[in-house]
Amino acid sequence: MKSRKLLMIPGPIEFEPKVLQALGAPTASHVAPNFIESFGNCIELMRKVWLTSTGQPFIVSGSGTFAMDMVAANLIEPNDHVLVISTGYFGERFAEISKRYGANVTILAAEIGDIVSLDDIEKALSIKKYKLITITHVDTSTGVLVDPKPIAELAKKYNTLSILDGVCSVAGEEIRQEAWGIDVVLTASQKAVGVPPGLALLVVSQKALGAFKNRKTPVCNYYADFNNWLPIMQAYENRQASYFGTPPVNLIAALEVSLRQIVAEGMENRFLRHQKIATAFREAMLALGLKLLPVYKNLSANTLTAVYFPKNITGSIFLSQVGKNDVILAGGLLPSHKTLYFRVGHMGSVNNNDILATIAAIESALFANKVSFEMGIGLKTALKILNK
Ligand code: PMP
């Protein structure tokens, strides 16, 4: 396909042909034996991808925001205290959602490109009793990666539920839900999980389900209520027909294909592939003289990279020049810095050729803008890392 452009934004990403074929297959009844089997398989496969044997998966129509909404609707009661660790736009969103359900929200916000220190988190947790703490694993607005493991340990120490927004990390960044003791890990289908947009995916620990069952007030969101969805998930896992809301049959068929591909690659291999490609891309950008949004290299995500435009060029023109080189990138998202940087997604089935094509397209756009740099230095830097 000579006219095909490479989609390198942080979601939706490029999808595997077999996943897309599953989407285009004739739609089954939601109570057909083959669909029930597929749904049950997805539930079992999610545990393998999330690395938990005891968590309860939920697969529901909706985007990542709905997955966040579902957590808040079910685990927050009016006047509960919620601690939001914010590294950008999506941390702020979790605060807003939590307030809708009556929470008293405390936000610990990092400086742009930085993270909140563990000391500050522990200080906050020791002052008052929080029902839950939210962490954005990778904030897609900044490309900052937070290490959720020590934060989940703190949450456990202070008897607080830990919620990980893994929309831009699940199936790309290392997450070991059970070993790390994270209570909820949520995501959406269109990123590293590798399925077109439309599925909210969550895995909820037994401890969090216990907290849900101990609620004193009813869940005030009908569609999100675990009471409606838990029996459905359990029925499908037991390979029985069930109905609450019509499931997105084709998306679930596509999810099974993608989860099988992820499990076949192996989680360790997948984490390493993401790390290698991300390192190659980051180092290429630095070699080209560009600056990253994360203030330290070890805070940079492996699923996307946020890069400042060179000085004196108009970002929108630069991105359209990269687009003319057949690579689609995303602009900035943080309102205060929107026009100052761009974002490149490298997750899911991304391969070495994709990242090299992206670097080449960026080099060509820099050249067109008369930015001074050594032509090919980005590619050379990346190739050295990819060939290690
Ligand atoms: N959290 C994070 C970290 C995200 O990157 C996104 C989407 N970019 C969301 C939440 C919201 O997901 P959605 O757009 O699917 O509603």
Side-chain angles (χ1 to χ4, degrees), residues 1 4-7 9-50 56-70 166-172 185-204 222-226 228-265 270 303 328 345 347-350:
M1 277 193 292
R4 183 174 157 272
K5 290 187 186 278
L6 188 59
L7 186 61
I9 66 171
I13 62 163
E14 296 257 325
F15 302 114
E16 286 289 327
K18 285 196 172 130
V19 170
L20 296 175
Q21 276 163 20
L23 263 187
T27 302
S29 155
H30 60 287
V31 293
N34 62 332
F35 177 68
I36 294 171
E37 183 60 29
S38 190
F39 204 129
N41 291 340
C42 285
I43 289 183
E44 289 162 1
L45 288 160
M46 275 176 70
R47 290 201 188 91
K48 293 190 178 158
V49 172
W50 270 245
Q56 174 60 55
F58 289 85
I59 304 170
V60 181
S61 283
S63 74
T65 305
F66 179 65
M68 298 162 87
D69 204 60
M70 204 168 178
V167 173
C168 199
S169 66
V170 169
V185 178
L186 67 91
T187 192
S189 50
Q190 74 272 18
K191 302 211 189 209
V193 168
V195 178
L199 292 175
L201 304 167
L202 302 87
V203 177
V204 180
Y222 182 72
Y223 184 63
D225 193 341
F226 282 168
N228 291 325
W229 291 111
L230 192 54
I232 307 300
M233 300 304 134
Q234 289 167 339
Y236 277 117
E237 187 163 15
N238 293 328
R239 308 301 194 265
Q240 288 161 359
S242 196
Y243 169 75
F244 166 60
T246 307
V249 172
N250 291 55
L251 277 172
I252 288 169
L255 178 67
E256 184 184 3
V257 174
S258 193
L259 291 175
R260 283 196 188 285
Q261 289 176 346
I262 293 168
V263 169
E265 179 176 14
R270 199 167 170 93
T303 48
I328 315 270
M347 63 186 122
S349 58
V350 64

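Please read these numbers as outputs of a predicted model, since none were measured by experiment.
- The salt bridge (charged side-chain N to carboxylate O under 4.0 Å, His left out) contacts involving residues 21-40 comprise Glu37-Arg239, where partners must be two or more places apart or lie in separate chains.
- By the side chain to side chain contact (heavy atoms under 4.5 Å, CB included) test, Asn238 pairs with Gln240, sequence neighbours left out.
- The list of salt bridge (charged side-chain N to carboxylate O under 4.0 Å, His left out) pairs with a residue in residues 246-256, not counting sequence neighbours, reads Glu256-Arg260.
- Evaluation of the side chain to side chain contact (heavy atoms under 4.5 Å, CB included) rule for Ala28 yields Ala32, Asn34, Phe35, Val249 as partners, not counting sequence neighbours.
- In this structure Thr65 satisfies the side chain to side chain donor-acceptor pair (under 3.5 Å) test together with Arg93, sequence neighbours excluded.
- Phe58 pairs in a ring-ring contact (aromatic ring centres under 6.0 Å, His included) with only one of the listed residues (Tyr236, Trp50, Trp229, Phe226), which is Phe226.
- In this structure Ser242 satisfies the side chain to side chain donor-acceptor pair (under 3.5 Å) test with no other residue, sequence neighbours excluded.
- In this structure Tyr222 satisfies the ring-ring contact (aromatic ring centres under 6.0 Å, His included) test together with Phe244, sequence neighbours excluded.
- For the ring-ring contact (aromatic ring centres under 6.0 Å, His included) test, residues two or more places apart in sequence or in another chain that qualify with Phe66 are Tyr223.
- When the side chain to side chain contact (heavy atoms under 4.5 Å, CB included) test is applied to Asp225, the partners found at least two apart in sequence or on another chain are Asn74, Phe212, Val219, Asn227, Asn228.
- Side-chain contact between Val263 and Val49: present, with at least one pair of heavy atoms (C-beta onward) separated by less than 4.5 Å.
- In this structure Ala188 satisfies the side chain to side chain contact (heavy atoms under 4.5 Å, CB included) test together with Val167, Gln190, sequence neighbours excluded.
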Could you list the donor-acceptor pairs under 3.5 angstrom formed between side-chain atoms of residues 194-201 and any protein atom two or more places apart in sequence or on another chain?
none

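- For residues 12-27, the salt bridge (charged side-chain N to carboxylate O under 4.0 Å, His left out) pairs, not counting sequence neighbours, are Arg4-Glu14.
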